[in-house]
Amino acid sequence: MYIISLLGMSKVIQAPMYKIWEWLEVFKAHIPMKTIDQIPYFEIEAVEVLMFIKEKIDEEYDLMEIRELLTKRSFA
């Protein structure tokens, strides 16, 4: 299992950490995470999910539309 920190995720997807936290609050059910010693880490599959969220926000989709798209899409 590979995991990545919030800072690492911020660098990989080129989004500020505060934005990722905002997205996490809204899309938590869709973002694979683990907590180790009370520190949240993203599973490597979360990179693809967060890139998708960032792309849709850049395309000016609203959060409800993105949530619907996430439920219909598989990131396996």
Side-chain angles (χ1 to χ4, degrees):
M1 169 181 62
Y2 294 100
I3 56 174
I4 188 169
S5 68
L6 177 61
L7 178 60
M9 183 63 77
S10 175
K11 290 179 180 182
V12 169
I13 68 167
Q14 298 180 347
M17 289 191 299
Y18 76 91
K19 278 293 183 193
I20 295 172
W21 273 119
E22 288 176 9
W23 301 339
L24 183 59
E25 289 179 21
V26 177
F27 305 111
K28 190 172 195 161
H30 304 283
I31 302 171
M33 294 186 67
K34 295 274 186 218
T35 302
I36 301 172
D37 294 331
Q38 299 180 339
I39 300 172
Y41 290 94
F42 297 93
E43 293 181 28
I44 201 69
E45 296 83 8
V47 172
E48 194 175 341
V49 176
L50 288 166
M51 290 290 287
F52 179 81
I53 292 168
K54 181 181 179 215
E55 175 185 309
K56 294 306 172 191
I57 287 174
D58 290 345
E59 292 174 4
E60 298 184 2
Y61 281 71
D62 69 31
L63 299 179
M64 293 304 290
E65 290 174 318
I66 296 170
R67 187 178 292 150
E68 271 185 49
L69 292 171
L70 285 168
T71 58
K72 295 177 184 174
R73 184 170 171 153
S74 173
F75 291 95

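Basis for what follows: all heavy atoms, side chains included, without hydrogens, waters or symmetry-related copies. Given the structure is predicted, the values throughout are model-derived calculations rather than measurements.
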**Study point:** Rounded distance [0.5 Å steps], CD1 in I66 versus OG1 in T71
**Key:** 12.0 Å
Exercise for review: Mind checking salt bridge (Lys or Arg N to Asp or Glu O under 4.0 Å) for K11 and listing every partner two or more places apart, or none if nothing turns up?
Suggested key: none
Exercise for review: Could you please spell out the steps behind the side-chain contact (heavy atoms from CB on, under 4.5 Å) verdict for I31 and L50?
Suggested key: CA-CA 7 Å; I31 302 171; L50 288 166; 3.7 Å; yes
**Study point:** Same apolar cluster (I L V M F W Y, side chains within < 4.5 Å links), I53/M64
**Key:** no
Check your understanding: Going by the side-chain hydrogen bond (donor to acceptor under 3.5 Å, both in side chains) test, which pairs reach into residues 56-65, not counting sequence neighbours?
Key -> K56-E59
Practice item. Could I get the full list of ring-ring contact (aromatic ring centres under 6.0 Å, His included) partners for Y41, not counting sequence neighbours? Key: none
Practice item. Evaluate the side-chain contact (heavy atoms from CB on, under 4.5 Å) criterion for residues F52 and L70: first the C-alpha distance (whole Å), next the side-chain angles of each, then the deciding distance (0.1 Å), finally the verdict. Key: CA-CA 9 Å; F52 179 81; L70 285 168; 3.6 Å; yes
Without placing hydrogens or testing angles, list every side-chain donor-acceptor pair under 3.5 Å for residues 16-28, not counting sequence neighbours.
unit_1	atom_1	unit_2	atom_2	d
K19	NZ	E22	OE1	3.3

Check your understanding: Taking K54 for the side chain and A15 for the main chain, is one N or O donor matched with an acceptor at less than 3.5 Å?
Key -> no
**Study point:** Expected output: side-chain S5 to main-chain G8 donor-acceptor under 3.5 Å
**Key:** yes
**Study point:** By salt bridge (Lys or Arg N to Asp or Glu O under 4.0 Å) - contacts of E43 (at least two apart)
**Key:** K34
Point to revise | side-chain contact (heavy atoms from CB on, under 4.5 Å) between R73 and H30, intermediate numbers included | key: CA-CA 10 Å; R73 184 170 171 153; H30 304 283; over 6 Å; no
